[in-house]
Amino acid sequence: MLWKLLMRSQPCRLCSFRKMPSAPKYRPFVACFTYTTDRLSSKENIRTVETLYKFSVDIRKIRRLKGWVLLEDETYVEEIVNILQELGANETAVASILERCPEAIVCSPTAVNTQRNLWQLVCKNEEELIKLIEQFPESFFTVKDQENQKLNVLFFQELGLKNVVISRLLTTASNIFHNPVEKNKQMIRILQESYLAVGGSEANMKVWLLKLLSQNPFILLNSSAAIKETLGFLQEQGFTNFEILQLLSKLKGFLFQLCPRSIQNSISFSKNAFKCTDHDLKELVLKCPALLYYSVPVLEERMQGLLKEGISIAQIKETPMVLELTPQIVQYRIRKLNSLGYRIKDGHLANLNGSKKEFEANFGKIQAKKVRPLFNPVAPLNVEE
């Protein structure tokens, strides 16, 4: 009974905040939030914060991005800064690296020096290395599986990949270096066997493989079963080995990333859209492998975009590669051609098609024809006397 009376006469602090009549509704929340923030700030490693300030690092950015590093008891700010400075990073670069990748300060200097030696295997000099670190600090400071990373780097070098390609993969596809090196070797063997199985030659295989890895390194994260399944499905659809080899040459490893179901959906959509036979569809796919690669929603969006511009199904069927372009690129190119009086819906889509460089070259030729004078003003006139 006494306990009940005490509880009735002494409400908890949180309840008293809620029952204050004069306080605005948001104040209890602000008070609690401030208390939490102060409590977290008090747990920050003062030495870490002061050292970062010394090197002109914006602590607010770190608190927003990965504030947990400031709570760590053991950090290596000065040691990491020294390593970066030894590589040639100036004060601004050092601050930028630590602001974007705060976890660098909890990496042991030994591990970072090991990573430095590893990356120097594929960098010409320290200047090139520090530029890579400035661009991709997260990749550099992922200091796990370092022995495995080294074995993979050496394997790719033995395979014939250029160092500039390997360095690009280290920064943009670092996951493949965390694969066990034996797994990567196994995947390479399967890719080579698949290429030879559909009629590829030993002489061309190395070039094909190196292009595949440089353009689509994530193929190494696939399973061998998925690769075999995709090849088997294409054969079931009536594609000959020679035709599959053509697709492999154009799509590289992207073909292996497709599952049979998505390929089937794309084939069915294209067949209905173009009102064509299986044989005709195969011809279209061989001209434009993107018909297999892109999903149905993407193909539908691009088809509709072309139709809205007045382009006919017959024109698209004649030049299906135009489906590789996004609707935005199509609109931009049509406007440019219209500025010269060229009506794309009345002509051939070849002038609309191609890479940016190819389009600009075609545009230049059309423009030159428009402004070319009807006669040469320098040549003497042939006038009868």
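Keep in mind that the numbers below use all heavy atoms, side chains included, and drop hydrogens, waters and symmetry copies. In this text, all values refer to a predicted model and were calculated from it rather than measured experimentally.
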Find out if a path of hydrophobic residues (ILVMFWY) with successive side-chain heavy-atom gaps under 4.5 Å connects Tyr332 to Phe363. no

Check: Trp208 side chain, Leu248 main-chain N or O, donor-acceptor pair, under 3.5 Å: yes

Less than 4.5 Å apart, side chain to side chain, heavy atoms only: is that true for Pro327 and Val330? no

Backbone N/O of Leu286 and side chain of Lys250: donor-acceptor pair under 3.5 Å: yes

With a 3.5 Å distance limit and no angle check, can you tell me whether Arg47 reaches the backbone of Glu74 through a side-chain donor-acceptor pair? no

How long is the span from the CG atom in Leu352 to the CG atom in Leu349, to the nearest 0.5 Å? 6.0 Å

Taking Val296's backbone N and O only, do any of them form a donor-acceptor pair with Asn265's side chain (distance below 3.5 Å, no angle check)? no

Test Leu231 against Ser194 for side chain to side chain contact (heavy atoms under 4.5 Å, CB included), laying out the working first. CA-CA 8 Å; Leu231 288 179; Ser194 300; 3.6 Å; yes

Anything under 30° is parallel, anything over 60° is perpendicular, the rest tilted; go ahead and classify Phe177 against Phe156. perpendicular

Between Asn45 and Asp73, does any side-chain donor sit less than 3.5 Å from a side-chain acceptor? no

Rounded at 0.5 Å granularity, tell me how far CG in Asp58 sits from CD1 in Ile62. 8.0 Å

Single-linkage hydrophobic cluster Met321~Leu284, side-chain heavy atoms < 4.5 angstrom: no

Does the side chain of Gln237 pick up a donor-acceptor pair with the side chain of Asp278 at under 3.5 Å? no

Close side-chain approach of Ile133 and Arg116, heavy atoms under 4.5 Å: no

Is any side-chain heavy atom of Leu65 closer than 4.5 Å to one of Pro102? yes

Side chains of Ile316 and Phe274: closer than 4.5 Å at any heavy-atom pair? yes

For the pair Ser96 (side chain) and Thr92 (backbone), establish whether a donor and an acceptor sit closer than 3.5 Å, ignoring hydrogens and angles. no

Is the shortest heavy-atom distance from the side chain of Leu212 to the side chain of Tyr195 under 4.5 Å? no

Are more than 12 heavy atoms, taken from residues, nucleotides or ligands other than Lys211, located less than 6.0 Å from that residue's NZ atom? no

The reported gap from NZ in Lys336 to CD in Gln331 (rounded to nearest 0.5 angstrom) is 15.5 Å

Within 6.0 angstrom of Lys61 NZ, more than 12 heavy atoms from elsewhere: no

Please answer whether the main-chain N or O of Tyr294 pairs with a side-chain N or O of Ser266 as donor and acceptor at a distance below 3.5 Å. yes

Of all heavy-atom pairs between Gly354 and Leu325, which one has the smallest distance, and what is that distance? O-CD2, 3.8 Å

Closest heavy-atom pair, Ala173 versus Phe218, reported as atoms and distance to 0.1 Å, is CB-CZ, 3.7 Å

Check Glu318 with Lys287, please: is the shortest side-chain N to carboxylate O separation under 4.0 Å? no

Can you confirm whether Lys317 is buried at NZ, in the sense that more than 12 heavy atoms of other residues, nucleotides or ligands lie under 6.0 Å from that atom? yes

With Ser270 as partner, the option from Leu323, Val285, Leu292, Leu299 fulfilling side-chain contact (heavy atoms from CB on, under 4.5 Å) is Leu299

Is there side-chain contact between Glu358 and Ser355, with at least one heavy-atom pair below 4.5 Å? yes

Is there a path of hydrophobic side-chain contacts, each under 4.5 Å between heavy atoms, that joins Tyr293 and Ile329? yes

Closest heavy-atom pair, Thr171 versus Ser139, reported as atoms and distance to 0.1 Å, is O-OG, 3.0 Å

Tell me whether Thr48 contacts the main-chain N or O of Glu44 through its side chain, where contact means a donor paired with an acceptor under 3.5 Å. no

Thinking salt bridges, do Glu324 and Arg302 make one under a 4.0 Å N-O criterion? no

Can you name the closest pair of heavy atoms from Gln146 and Leu118 and give their distance? O-CD2, 4.4 Å

For the residue pair Glu91 and Ser56, confirm or rule out a side-chain donor-acceptor distance under 3.5 Å. yes

Glu193 vs Arg189, test: salt bridge (charged side-chain N to carboxylate O under 4.0 Å, His left out). Steps then yes/no. CA-CA 6 Å; Glu193 289 167 5; Arg189 284 195 296 271; 5.6 Å; no

Hey, mind stepping through Met187 and Asn184 against side chain to side chain contact (heavy atoms under 4.5 Å, CB included) and telling me if it holds? CA-CA 5 Å; Met187 282 300 300; Asn184 284 338; 5.6 Å; no

Backbone N/O of Lys144 and side chain of Gln149: donor-acceptor pair under 3.5 Å: yes

We want to know whether Asn117 and Thr114 form a side-chain donor-acceptor pair, criterion being a heavy-atom distance below 3.5 angstrom. no

CG of Leu291 to CD1 of Ile263, rounded to nearest 0.5 Å, is 12.0 Å

Determine whether a donor-acceptor pair (N or O, by modelled atom type, separation under 3.5 Å) exists between the side chain of Asn179 and the backbone of Val181. no

Using a 3.5 Å distance criterion without hydrogens, assess whether the side chain of Asp280 forms a donor-acceptor pair with backbone atoms of Cys276. no

Do you know which two heavy atoms are closest between Val122 and Asn163, and how far apart they sit? O-CB, 3.5 Å

Ignoring hydrogens, what is the shortest heavy-atom contact between Leu210 and Gly160? Give both atom names and the distance. CD1-O, 3.8 Å

Heavy atoms, side chains only, cut-off 4.5 Å: are Phe239 and Lys282 in contact? yes

So do the side chains of Thr51 and Thr75 get within less than 4.5 Å of each other, counting heavy atoms only? no

